[in-house]
Every structure is written in structure tokens, then in C-alpha cells.
Protein chains: 2
Amino acid sequence: MKLITRNTDYSIRALIHIARNKDRIVSTTELVKELGVPRPFLRKILQLLSINGILKSYKGKNGGFKLAKDPEQIYLLTLMETFQGKFKLTECLFKKKICPNQISCKLRAQLDSLEELVENKIKEITLAQLSI
Amino acid sequence: MKLITRNTDYSIRALIHIARNKDRIVSTTELVKELGVPRPFLRKILQLLSINGILKSYKGKNGGFKLAKDPEQIYLLTLMETFQGKFKLTECLFKKKICPNQISCKLRAQLDSLEELVENKIKEITLAQLSI
DNA sequence: GACAAATGATACTATTAATGTATCATAATG
DNA sequence: CATTATGATACATTAATAGTATCATTTGTC
Ligand code: FES
Ligand code: FES
């Protein structure tokens, strides 16, 4: 299963490097060297982080990215939702339509409680903890 | 994200119906009517359950399936592993190769602890609880 | 001002995993 | 021995993930 997809994963690694060098601007070129990740893919990821206010971008020569917030305020959950959409362990898959049994479904009840558990855990993980 | 894929999901629903009728043989035809799931796909699923000792099959006319164990002994975790492979929230995705940082990686540590939490929860869910 | 080096915007392609089909063989019942 | 069921297995489709490509725009430096 994929709790974390590759774009989220790459974003974390990129942010860790940026966090560790947070008084200067870090370019995509540097990150590609550091992480060994495909450049166009990483660019797309960095752009999204920038659009979502997690990174601040600097255009032009010597440009690149800096953190837009403190690492303590960058949450894993936010990153996951940025790249993977709203956190949801499993939708009701039954017949692809919205399920009429949601309320009575025992499986759903179990999954919902599990989901809450996981979400609360992920909510607490910040970039600060990962980059130290 | 997909904690539970469709074949696991269908298998649960099929098992619930079989459990509720556990003194008789239930055929694929009946299950298709009951669940409205594509027949060939359901057949594949039932075969797998049978191979894995969760269902007992009866060939020939009036054939079909019965539970091979008590509902109390059929675990959600087992079903998930039957259809989705060994339970693992997220592998290290880094560079598609086995990661050399496993031990020092902070993200890995967090995910591992989360994984344990989830796995323990799922381990406790049985068909009995879902079919009542 | 021209050039180089960076990101912005966006459309496209490829790969992989999930989902679903089809077919023929084999067994049991009446 | 025909009918109705599962067994085995190969194939096809769809959707999600992962990755590329291209051109525009901004900025620093000579
Ligand atoms: S059947 Fe839809 S939520 Fe369970
Ligand atoms: S980088 Fe591989 S486990 Fe974290």
C-alpha cells in the first residue's frame, strides 16, 4: 500500500535539505545533485510547494528556494495532502457509487476509527523532526 | 490512498454473506446476485480464498463455498495479505533500490511505528465482528 | 542591453498497479 | 451423460503514478 507516494517522498527529502541550509537559497540543480531525483519531476514538485506557501521561490540567476515557514510548522500531513489529496485511508469502493450503507457498515466504522488514529499521528510529524 | 483494494473489499462482503448462511453451501451465482459484483472477478477472488484455506469449495452441481474456519478466526489482516501482499504501509521509495539509510532515516522510524500501530489494530478485526 | 541561469505554467508521455474478462479443463449430481 | 458448479490460467482494460518536454518570464552580471 502507499501511504506516501513518490512526489510526497521527494518533497520531504528536498525540504530536509533546504531546511538544513535555511539561511541561503537552494537551487533545483543543487537538489538534483543532492538527491539524485529526476530534474523535471523535482521541478514540478518544488513549484507545487511554492504555490502552496511551503517554499518561497526566487527567480532569475542565483535563484531557487527557501522555506516559507519554520520547519516546526511544516506538517507531514500537509505535504501528503498537497500531493495526494485529502487524507482518506479508504473510500467505500462498493460499486463505485456513493455507498448507501455508510451508516450501518461495520467495516466502515472500523476503518473510520483507524483513519482517525493514523491522521492524528501524521498530524504531529513536522519537518523539524525529520530534518534534525 | 488504498488501505483496502477492491478484491479485498469484495472478499469481505462475500465472506459476510457466506458467514450469515454458514450451514449451507453458497454458490458464486448467489453471491453475484447478492453483491452485484462482476462474476469472473468474484470467481477469481473466491478461488484465492479457497486456495488459502479460508473457504472450502464444493465442485459440481449444487456446488459452491462454505467457510473453512469460524468467523472468529478469519482476520481482516489475513484477507488483506491474501490479496495485497504482506502488510506494509510504505516501502522506502528512494531511488527504487534498497535504501542504505533505513537505520538512520527519521521518516522511516516514524512510519515504522505508525505501521505497527495500524497492523495491530487490523489484526484484531475478524469476520465475526463484521458479519454480525 | 544581451546573455545566462534560474523558476512559472502547462501539456504531454510512459509505466505500473489495479481491475476486470475469457476460455477451457475437471468434478459432482441427478 | 448433460448440466451446473469450481479449478487453472492467460489475457485485456482502466486508472493512478511517475516522469518529460517546451516555451515564457524574471533576475543578476558583464
Ligand atoms: S458498504 Fe459502503 S461504507 Fe461499507
Ligand atoms: S531514505 Fe530509505 S528508509 Fe528513509
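Side chains are part of it too, since the values below use all heavy atoms of this structure and drop only hydrogens, waters and symmetry mates. Bear in mind the structure is a predicted one, so any value in this text is a computation, not a measurement. Naming convention: chains lettered A, B, ... in sequence-line order (proteins, then strands); numbering from 1 in each chain.
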B:Phe41 has its side chain closest, among D:dT26, C:dT21, D:dA21, to C:dT21
Nearest to side-chain heavy atoms of B:Phe65, which nucleotide of C:dG20, D:dA18, D:dG7
D:dG7
Of A:Val26 and A:Met1, whose closest DNA chain C nucleotide lies nearer the 5' terminus?
A:Val26
Please report the distance, rounded to the nearest Å, between CD1 in B:Ile18 and P in D:dT6.
10 Å
Of A:Asn62 and A:Leu42, the one whose closest DNA chain D nucleotide lies more 5'
A:Leu42
Can a donor-acceptor pair be found between the side chains of A:Thr126 and A:Gln73 at a distance below 3.5 Å?
no
Is there a donor in the side chain of A:Gln129 and an acceptor in the side chain of B:Gln110, or the other way round, less than 3.5 Å apart?
yes
Closest listed nucleotide, where the reference is the side chain of A:Ser57 and the choices are D:dA21, C:dT7, C:dA9:
C:dT7
Would the B:Phe65 and B:Tyr58 ring centres measure less than 6.0 Å apart?
no
Looking only at side-chain atoms of A:Thr28, point me to the closest of C:dT19, D:dT6, C:dT7.
C:dT7
Quiz question: going by heavy-atom distance under 3.5 Å, is there a donor-acceptor pair between the base of D:dG19 and the side chain of A:Lys44?
yes
For the residue pair A:Leu35 and A:Tyr10, establish whether any side-chain heavy-atom pair is separated by less than 4.5 Å.
no
Side chain of B:Thr29 only, heavy atoms from C-beta on: which candidate in D:dG7, C:dG20, D:dA5 is closest?
D:dA5
Between A:Gly60 and A:Pro38, name the one whose nearest nucleotide on DNA chain D is closer to the 5' end.
A:Pro38
Nearest-neighbour nucleotide for the A:Lys59 side chain, C:dT19, D:dT27, D:dT9 considered:
D:dT27
From the candidates D:dT20, D:dA8, D:dA5, the one with an atom nearest any side-chain atom of B:Ser27 is D:dA5
Beyond-backbone contact of A:Leu3 with A:Met80, side-chain heavy atoms, under 4.5 angstrom:
yes
Between D:dT3, C:dA11, C:dT7, spot the one nearest the side chain of A:Arg39, thanks.
C:dT7
B:Thr5 has a side chain; which of D:dA18, D:dT29, C:dT19 sits nearest to it?
C:dT19
Checking contacts here: which listed nucleotide (D:dT3, D:dG28, C:dT7) is nearest the side-chain heavy atoms of A:Lys61?
D:dG28
